[in-house]
**Student:** 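Shown below is the structure under consideration.
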Number of protein chains: 2
Amino acid sequence: MAKAAAAAAARGPERRRATVIDVAARAEVSSATVSRVLNGNYPVARATRERVEDAVRELGYVANAHARALAGTSSRTVGIIVQDVVDPFFAHIARGVERAASEAGRLCMVCCTHGDPRRELAFVDLLHEQRADAVVLVGGAHSDRAYAREVARRARDLHAGGARLVLCGRPSVGRDVPTLSVEYDNEGGAFALTDHLLTQGHDRILYLGGPPDLSTTRDRIAGHRRALELRGVPCAPELVHTGAFSPVFGHRRLTELLASGLTFSAVFAANDMVAIGALQALEEAGLRVPQDVSLVGYDDVPTAQVMRPRLTTVHVPLEEMGRHAVRLAVPGTDAEADAWQQPAGGGLTLGTHIVVRDSVAARRPGPEGARGTARPGTTRPQTQTQTQTDTPSPVRHRPM
Amino acid sequence: MAKAAAAAAARGPERRRATVIDVAARAEVSSATVSRVLNGNYPVARATRERVEDAVRELGYVANAHARALAGTSSRTVGIIVQDVVDPFFAHIARGVERAASEAGRLCMVCCTHGDPRRELAFVDLLHEQRADAVVLVGGAHSDRAYAREVARRARDLHAGGARLVLCGRPSVGRDVPTLSVEYDNEGGAFALTDHLLTQGHDRILYLGGPPDLSTTRDRIAGHRRALELRGVPCAPELVHTGAFSPVFGHRRLTELLASGLTFSAVFAANDMVAIGALQALEEAGLRVPQDVSLVGYDDVPTAQVMRPRLTTVHVPLEEMGRHAVRLAVPGTDAEADAWQQPAGGGLTLGTHIVVRDSVAARRPGPEGARGTARPGTTRPQTQTQTQTDTPSPVRHRPM
DNA sequence: CTGAAAGCGCTAACAA
DNA sequence: TTGTTAGCGCTTTCAG
């Protein structure tokens, strides 16, 4: 009788799972043979294999992934760190990551930070402990020097251990830090959106929402400003109100702003969630969208098509970003081979484009006044979604 | 020099992570002491501890969760198996699971089946291999004898190994199979919804969507039928059209049905996603909701409040279900202690209630006709969401 | 308070 | 084709 089995027997009849040793004993082979049958990566005589398979079945044997990971083979997992699984922005990226991981034979571990940078760091560590093949850090980063350094350190640790840190939708943390990155043209999308609004005659555009210290917010505002400047429209500071990325924020803040008497003819919501709240606030104030006020969002989550009026927004290839993130980092993919060559260069940027729907109208000349057009949402013929700008994906896109 | 280190040296200068041995050597203590410092569950002299902590930092040591799991302590992970992380129904449950897991100091592994029962089974195995403390199986189950047996077998294996299979929103797989379960009053919600429609004078209600062989669909239709029978309304078979749980299905099928000349005054969409598609089909056909046709959904996902008209639906405590699922199964929670006592009894059912919004109107007497009310979506005063029925959560609810 | 040593379950040389 | 045997990195008695 093998040592392990003997020890188990000595421990008494407590709950115990079958191990390779048990299977081996039952099939009257060695543990190595069992391993070979299980992994199917080595020739095993048919009869032997069948005996082992029977034993496995009879014993209800289930391999131990930890022992397996410990004994050499990779853990076959990838980790993803997001703020919130429910937020469609993150959910879609997570789906991409999960799918690509699963296609690469990996399990996906999801962690939610709820916006706390410390939790984010802690999760990177946790995932590192799990020996994830890749850790994907999703969404805007807080622009904090010390924080970036912490991330950089972890990226190096991960890299030293054969794993990869992938930055998805956030800026690099340093010139020669071994991270991979999947970006989207955040600034360009914002530029195109504001330009669209400008073209429609809006010159007082309220920028609403998004945590002020987040890279995402910074980039979107940058694009917004660039468009403004290009048309020589002054960028009034009282028209920029950052805060959060939620419907609640959009609703609350816009309601306050409306009450304060601030004037504007269009609202650039920092993302679609904020736009949802903003729309509600506008409705409650008796303002029609787009007749009285135009409204745009960002991200193009599915709800944008369901809202009435349907929301004009910027399409971001969320799921695709997630897929690329793991493709870049996980062994067994074409992209991966290259990625390892370019220490800090493994970055790709996907294009964004605006999607014109029904929430923007040309600015009316007078202060108030009926525009004889149809009300949205009823028998009006469906306008097909129009693509304003659309660049082939992995190409940097700069509408101008 | 320690054995491991020697072996490593022999292996050459390849990429290698620091281990407890390395840390021990550097701090000039034994590996046992390092372990004690790391886990902080044992008294260690202050000076020693500090030496170890320094060594850890200097070496960039990161513990190996697999070795840890292997050496006895649990893997500290829970697994969740859903169809799709993007679908709000699953996303919300997943959020509950993730939060509760994280509160219990566990990592959460998410797997997506995309509706394939075989993938589901495969993931249970995978999660078992990972030695997850709990595996949460979410959403309706395919009513298949053999399949239920497979699930039952895995539940027993898991249980034998000290883990738990939690059925979330799906029926038990057998009398004395050691599963835990978190249900919601699916049938009751459907009953209440149909009853509401009936009360408004609708007697030809189209039931639309949901995979026909899914337990969820079966239960919802059962509630629908019960309400119909109770009021003596015949349940016309041509008014039940199952299929899928997506907007696309809702849109396509309803468009066909409308073209076919089928008559009905209300649509009971199998869930909110189907309702979204149905609404679009209705609009395209020039029918107003709720003036011409009433529409209800199920699940009460956030989008239901954003749609115009806002959707009347059944609220399901999704996130709460997720939380309960892990509470029940994971060591270190109050609920958990009891759960282990009751082999197959660890089940709780949360209540559902309908949420009345703007998508249902009393059936009009004549065939066509203007109802002088305002069009939805503009300056109309906001009707606050009304709660029709609402039972305290963990109590079985049966509107009647 | 600290060290020595025995595994946890599996894989991967290396032999046979 | 199959068996033997080292470990993988950590926790945990059992001594000291």
Side-chain angles (χ1 to χ4, degrees), chain A residues 2-8 10-11 14 16-25 27-52 56 59 61-76 128-131 161-162, chain B residues 2-8 10-11 14 16-25 27-52 56 59 61-76 128-131 161-162:
Chain A
K3 270 191 298 182
R11 250 191 291 124
E14 65 184 5
R16 210 183 76 79
R17 301 187 212 231
T19 72
V20 256
I21 305 275
D22 302 325
V23 175
E28 300 181 291
V29 295
S30 75
S31 67
T33 300
V34 175
S35 173
R36 295 198 261 258
V37 171
L38 259 26
N39 293 300
N41 50 4
Y42 245 110
V44 173
R46 189 195 192 78
T48 318
R49 157 177 298 113
E50 282 169 356
R51 277 216 315 287
V52 172
V56 165
L59 261 36
Y61 167 81
V62 178
N64 183 326
H66 300 296
R68 212 168 240 181
L70 189 56
T73 51
S74 109
S75 71
R76 307 205 69 94
H128 187 170
E129 287 185 7
Q130 296 291 332
R131 296 298 184 263
Chain B
K3 268 191 300 183
R11 249 190 291 124
E14 67 185 5
R16 210 183 78 81
R17 299 187 216 234
T19 73
V20 257
I21 306 273
D22 302 324
V23 176
E28 300 182 293
V29 295
S30 73
S31 67
T33 301
V34 175
S35 173
R36 289 180 186 121
V37 171
L38 258 28
N39 292 299
N41 50 6
Y42 227 72
V44 173
R46 190 194 190 76
T48 317
R49 157 177 298 110
E50 283 168 358
R51 277 216 314 288
V52 172
V56 165
L59 262 36
Y61 168 82
V62 178
N64 183 323
H66 300 296
R68 210 167 240 180
L70 188 56
T73 51
S74 108
S75 71
R76 306 203 70 89
H128 187 170
E129 288 184 6
Q130 297 290 332
R131 296 298 184 261

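Below, read A as the first sequence line, B as the second, and so on, with proteins coming before strands; counting in each chain starts at 1.
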**Student:** When the distance from CZ of B/R76 to P of D/dC10 is rounded to whole Å, what number comes out?
**Tutor:** 17 Å

**Student:** On DNA chain C, check which nucleotide each of B/A71 and B/T33 is closest to and give me the residue with the more 5' one.
**Tutor:** B/T33

**Student:** Measuring to OP1 and OP2 of D/dT4, would you say a side-chain N or O of A/S30 lies under 4.0 angstrom away?
**Tutor:** no

**Student:** Expressed in angstrom and rounded to an integer, what is the separation of A/R68 atom CZ from C/dG9 atom C1'?
**Tutor:** 10 Å

**Student:** Roughly, in whole Å, what's the span from CD in B/E129 to P in C/dC10?
**Tutor:** 10 Å

**Student:** Please report, rounded to the nearest Å, how far the P atom of D/dC10 is from the OH atom of B/Y42.
**Tutor:** 20 Å

**Student:** Can you tell me how far C1' of C/dA12 sits from CG of A/L38, to the nearest Å?
**Tutor:** 15 Å

**Student:** Can a side chain N or O of A/T19 be found less than 4.0 Å away from OP1 or OP2 on C/dG9?
**Tutor:** no

**Student:** With a non-hydrogen cut-off below 4.0 angstrom, is A/V34 in contact with a base, only sugar-phosphate, or nothing?
**Tutor:** nothing

**Student:** Whole Å only: how far is the CZ atom of B/R131 from the C1' atom of C/dC10?
**Tutor:** 11 Å

**Student:** Considering only D/dT4, D/dG7, C/dG3, which nucleotide approaches the side chain of A/A32 most closely?
**Tutor:** D/dT4

**Student:** Rounded to the nearest 0.5 Å, what separation is found between the NE2 atom of A/H66 and the CD atom of B/E129?
**Tutor:** 10.0 Å

**Student:** Between C/dC10, D/dG9, C/dT2, which nucleotide gets closest to the side-chain atoms of B/V44?
**Tutor:** C/dT2

**Student:** Kindly give the heavy-atom pair with the smallest separation between A/A24 and A/S30, and that separation in Å.
**Tutor:** CB-C, 3.7 Å

**Student:** Could you run through DNA chain D and flag its stems, i.e. three or more consecutive Watson-Crick or G-U pairs with both distances under 3.5 Å?
**Tutor:** C:1-16 with D:1-16

**Student:** For the side chain of B/R36, counting heavy atoms from C-beta on, which of C/dC1, D/dT13, C/dG9 is nearest?
**Tutor:** D/dT13

**Student:** So, is A/N39 near the phosphate of C/dT11, with a side-chain N or O under 4.0 Å from OP1 or OP2?
**Tutor:** yes

**Student:** Donor-acceptor pairs under 3.5 Å, side chain of residues 37-45 of chain A to any protein atom, not counting sequence neighbours: which ones?
**Tutor:**
unit_1: A/N39; atom_1: ND2; unit_2: A/S35; atom_2: O; d: 2.9
unit_1: A/N39; atom_1: ND2; unit_2: A/S35; atom_2: OG; d: 3.4

**Student:** Counting any heavy atom closer than 4.0 Å, what does A/A45 reach on the DNA or RNA strands: base, sugar-phosphate only, or nothing?
**Tutor:** sugar-phosphate

**Student:** Output the rounded distance in Å from NE2 (B/H66) to C1' (D/dT11).
**Tutor:** 16 Å

**Student:** Would a 4.5 Å heavy-atom cut-off, applied to side chains only, mark B/R17 and A/H128 as touching?
**Tutor:** yes

**Student:** Verify the contact: side-chain N or O of B/S35 to OP1 or OP2 of D/dC10, cut-off strictly under 4.0 Å; return yes or no.
**Tutor:** no

**Student:** Considering all heavy atoms of both residues, which atom of B/A27 and which atom of B/R51 are nearest to each other, and what is their separation?
**Tutor:** O-NE, 2.8 Å

**Student:** Can you tell me if B/E28 has over 12 outside heavy atoms packed within less than 6.0 Å of its CD?
**Tutor:** no

**Student:** Rounded to the nearest 0.5 Å, what separates atom CG in A/L70 from atom OG in A/S75?
**Tutor:** 11.5 Å

**Student:** Under 4.0 Å, heavy atoms only, any strand: does A/A63 hit a base, just the sugar-phosphate, or nothing?
**Tutor:** sugar-phosphate

**Student:** Rounding to an integer number of Å, can you tell me how far A/N41 CG sits from C/dC10 P?
**Tutor:** 15 Å

**Student:** Does a nitrogen or oxygen in the side chain of B/S31 sit under 4.0 Å from OP1 or OP2 of C/dG3?
**Tutor:** no

**Student:** Tell me the closest heavy-atom pair linking B/Y61 and B/V20, and the distance in Å.
**Tutor:** CE1-N, 3.6 Å

